[in-house]
Structure formats: C-alpha cells, structure tokens
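Naming convention: chains lettered A, B, ... in sequence-line order (proteins, then strands); numbering from 1 in each chain.
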There are 2 protein chains.
Amino acid sequence: MTASTALEHILEGLEQADGHAGLQVAIEALRDEMNVDHMVYHWVDSAGDQYGCGTYPAEWVQRYLDQNYLRVDPVIAGCYQRFHPVDWKRLDWSSKASRAFQKEAISYGVGNQGFSVPIRGPNGQFALFTVSHSGNDADWAAFTEEHTRSMLLIAHAFNHKALDLEPDRTPEHAQALSPREVDAVTLLAMGYNRAQVAQTLTISEHTVRVYVESARFKLGAMNTTHAVARAISRGLIVV
Amino acid sequence: MTASTALEHILEGLEQADGHAGLQVAIEALRDEMNVDHMVYHWVDSAGDQYGCGTYPAEWVQRYLDQNYLRVDPVIAGCYQRFHPVDWKRLDWSSKASRAFQKEAISYGVGNQGFSVPIRGPNGQFALFTVSHSGNDADWAAFTEEHTRSMLLIAHAFNHKALDLEPDRTPEHAQALSPREVDAVTLLAMGYNRAQVAQTLTISEHTVRVYVESARFKLGAMNTTHAVARAISRGLIVV
DNA sequence: CATGACCTCCCTATTTTGGGGGAGGGGAAA
DNA sequence: TTTCCCCTCCCCCAAAATAGGGAGGTCATG
C-alpha cells in the first residue's frame, strides 16, 4: 500500500465518520495508523465555544481546561496568526510560563515533539490539528519530513468534518451596517478621528457622528472603540 | 478510473506544480478534467495584497480589478464570514448593484452557476476557490452533489500550494504587547471605558492610561480605537 | 550591576467624543 | 401612498480621552 493510497484510505474513513463519536473513533484509528503517541483536533471561537477530540489523557485535557492553558500554551500563541504548519521546536519556549507548561504537559504524557496545523473555521473559529510524539529530534524530523503533506490534507479534512457538525450560523447581523456607516467605521478603525473622517468622506463632521452613532446602536456597542472591535470581529469591515 | 483515484491524481498533479505559472497550468488542467467553464483561486489580505489564478477571461479580471468589484461582489460578501462552501444561488442577489454585477459577469463569460469554497490564509488572507459554469439548475445541482467533497479537498490543497509560494511572514509584532497591556486593550475592545477597565483590573485609572498609551505606541496607533483595531487584526487580542 | 522593560501611582490642560435635541430630501418596499 | 431606512446638515453641553510633564518599585537580561 503506497503512502498516497493510505492517505486516500484515511480520507475515506474520515468521510464515513458519524458525529462527534465518529470523529473520536477516526482520530484514534488515525493515531494508530500513523504510529504516533497522540493526535488532537480542536477549535475555539471568539465567543469562547470550543470543541476537541483526540487522544490526550483525559486528566491532561481537564487540567488544560481548568487552568485555561489556552492563554498560556505557546502552541496556541505561535499558531494563532499563522496558517502554515509549525513544528513545536520552532515556537518560542523562552518564557518561564512556557517552560513550566511544557514540563507539565510532558508529565501528563504529551510527547516532547509536536507538529501543529492551524486552520480557520466558519465563524472565526481557530482550529488546530496536532500530532505529538516522544522521541529524539532526528526521528521526529524524519517523521515530519515524510508526513507533512498528508498531515495538511488530513487536518483540513478533519476541520471540514468537525465543522460540518456545527450549525452554519449565518451571521444575521452581517449586512447590519449601511455603506456610509461602513465607510465611517472603517476610517475610524484606521485611526482617523471624526474630523478626518468627515474630510475624507467630504461630509460634515456632524454627519459622521450620526453614522457612527447609528453603527454603535446597530452593533450594540458602548462606544466607538467597541463598535470598531465588533465590526472587525464580525467581518463587517476590513482593516 | 474511479472518482477517488481521479482526486488522487489531481492532488498529485497539484503537488508537482511549480510556482505561480505551475498553479495556472494546474488550474487549467483541472478545469478541463472536471469539465466546467471556469475555475478560479484567489486570495486577498487585509493589507490589500492579492493573488489570483484561474480561467476567467483576462478582460473580466481586469474589469473586476479596475472597478474594485471585490467590494461589490456578492460572492465575496457572502463568503467572507464563512467557511462552508456555498452555491451562488444561496447568496443574496437582491440589491440592484448585485444584479448589475451578475449581469456584467455573465456578459464576460462567467457562468450563471457557481460554487465557492472560502478558506483562510496565513496572514489573514481571505481565499476563495470557485467553480463556475453555464447550465440549468438541475444539471448544476447534480454536479455539486457529486463533486462537493472533492472540491473541498482540492480547494484546500490549492490554498496550501498557493500560500506556500508566499513568505511565511512571521508577525514580528506578535508578542508586542505586555500582559497588562493585553488586558487593558481587550477590555477596551469589549466596550469598557477606562474607569471600568481600572476597576476590573483593580488598578488606578491612570495606570490603565499608561498601558493604553504604551499599547498605542507599540501598535503605531493614532488613538485607542485604532489600537484596538490593530490588536484585533493582528490577533493580539481575542474579542 | 546596570540597563531596560514592566507595573504602579499622580498632576494639569486641551482635544475629542457622546448625548440630547432637531430638520429635510431621496429611494425602496409594502 | 405611506412608511421606513438612508443620507445630509445644524445647535449646545457634559463626559471622556489624549498630551505633556514626573516618580518609584520589581525583575530579568546582559
């Protein structure tokens, strides 16, 4: 069985997976098939919702959640703004908190080597597909060299499957801002003040204020800063 | 040749593609192989950079860029906040501008049917992989029914290939904010004013001001709103 | 052990924003 | 045709943010 046929087999198996339980079964099978210590898929969205499945010990998962390690984990920090897969070795482990975290993770049976693929989900979810293993650097380098491409495809297939289980929440507030409101809020997000916005849009400063107030109201925002934050988070403006 | 073997073949072909020119060749081959009118991959990032390859007539591409149709295109608007593939029929074509755009697109040879897969890229790029075709609804429904899964995988494979050509710009300002600054800016983004932030963090309002000023400076922001916008855009805070 | 980065506190003055009123014209939809 | 939303303009005044100074502590890194 060639590597590519194996990949095909995996993707088909994943396709058959049924619900969250199915994903759990699939990821365990995948872990065994690729012969690594652990394999994990999880996502978290801006509202705080999260989902995960994988082969980490339940105690570690519980510990991670209890301690809100999401905010400390260098893997999260290092992957959050990227998309390319990263080897854990390339991350910044210099801080004290990072090293403590790493030590604790290893004590719970998480491997000393790891490889994570960051992906984005439908409603701003930040998803991560991770393989981890215990072993020396040379073996791990060989493993990643061989399986990176497959990992990418598997990660994406997993992401799609997992997110298919989520309702495709159409953002009902998506078109909540009028064009002029978008203009005004966008310019404010770019650092302009009201006078500059007014000049740029060649309207009076008072009119700008009306737009911003209207946008604030529609976004349920307490002030301009809040409105801009919400508009960006909801994808209503591009900055 | 089974469907899955064809997929395997396509993914391998894509793997071999070399540079932008290779992607262009690959997408044209793919278009022929899947027997549709057009196939397009493109992305745009928040800085305004964009990249695209595909089979649309050059005149249409030029027109699209000249007119900045990105801001009008209902496919963009409808896909921007999502991740799930969408059939163009499901989009909102009700506005006058949308219909005018659609009419013009068709006049340039873009099919009346379409199917787009939105994806995210490394530096916040918004990528779209699209298949379009001319035909009646029934035929198109049958096509999408049959090829959705393959399209997803192809889209992701394409995305990775295309983004591999881009430098993996590690955000050097990624850890630019101190923990306290992150706290303050996050709370401001949540709509708190300085007094509330101070109370929440149990520090003086003046200290909050120092953090915000420092954050503004680090982010090169003109004011708090700007700083929040940048912090969100750069993934430094999660709101 | 010095330098620099971080955290914490305080002053005054100026600029910007927000809240409260309005008012008129246009266009789309019901 | 009426209703509703969007765009545009104006007033005044209170509240909040910003700019410009400064000062003292910890902690890590070099």
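A:Arg180 places its CZ atom 11 Å from the C1' atom of D:dC6, with the value rounded to the nearest Å. If you take OH of B:Tyr192 and P of D:dA16, they are 16 Å apart, rounded to a whole angstrom. Regarding B:Glu205, its CD atom lies at a distance of 9 Å from the C1' atom of D:dA16, rounded to whole Å. Atom CG in B:Asp183 sits about 9 Å away from atom P in C:dC7, given to the nearest Å. The CG-P distance, from A:Leu177 to D:dC5, rounds to 15 Å in whole Å. The CG-C1' distance, from A:Leu201 to D:dC7, rounds to 12 Å in whole Å. In this structure, the CG atom of A:Leu219 is 16 Å from the C1' atom of C:dG18, given to the nearest Å. For the pair A:Asn193 CG and C:dT15 C1', the computed distance is 9 Å after rounding to whole Å.
Taking the nucleotide of DNA chain D with the nearest heavy atom to each of A:Thr202 and A:Ser214, the more 5' of the two is matched to A:Ser214.
Annotation for A:Asn193 and A:Leu188: closest pair C-CD2, 4.3 Å, computed over non-hydrogen atoms. Minimum interatomic distance between A:Val197 and A:Ala184 (heavy atoms only, all atoms of both residues): CG1-CA, 4.1 Å. Minimum heavy-atom separation, A:Glu181 to A:Lys218: OE1-NZ, 2.8 Å.
The shortest distance between the side-chain N/O atoms of A:Ser178 and the OP1/OP2 oxygens of D:dC7 is below 4.0 Å. Look at A:Lys218 and you won't find any side-chain N or O under 4.0 angstrom from OP1 or OP2 of D:dC5. OP1 or OP2 of D:dC9 has at least one side-chain nitrogen or oxygen of A:Thr207 nearer than 4.0 Å.
Using a 4.0 Å cut-off between charged side-chain N and carboxylate O, B:Arg63 and B:Glu59 make no salt bridge.
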List, with names and distances, any nitrogen or oxygen atoms from the protein found under 3.5 Å away from nitrogen or oxygen atoms belonging to nucleotides 18-22 of chain D.
from   : atom 1 : to       : atom 2 : distance (Å)
D:dT18 : OP1    : B:Thr224 : N      : 2.9
D:dT18 : OP1    : B:Thr224 : OG1    : 2.5
D:dT18 : OP2    : B:Thr224 : OG1    : 2.8
D:dA19 : OP2    : B:Arg216 : NH2    : 2.5
D:dA19 : N6     : B:Arg209 : NH1    : 2.7
D:dA19 : N6     : B:Arg209 : NH2    : 3.4
D:dG20 : O6     : B:Arg209 : NH2    : 2.3

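Under a 3.5 Å cut-off, the side chain of A:His133 and the backbone N or O of A:Gly111 do not form any donor-acceptor pair.
By the 4.5 Å heavy-atom criterion applied to side chains, A:Phe129 and A:Pro118 are not counted as neighbours.
Contact annotation for B:Ser204: backbone-only contact, meaning every heavy-atom pair under 4.0 Å involves sugar-phosphate atoms and none involves a base.
The distance between the ring centers of A:Trp88 and A:Phe101 does not fall below 6.0 angstrom.
When distances are taken from the side chain of B:Tyr211 to each of C:dT8, D:dA17, D:dC6, the shortest belongs to C:dT8.
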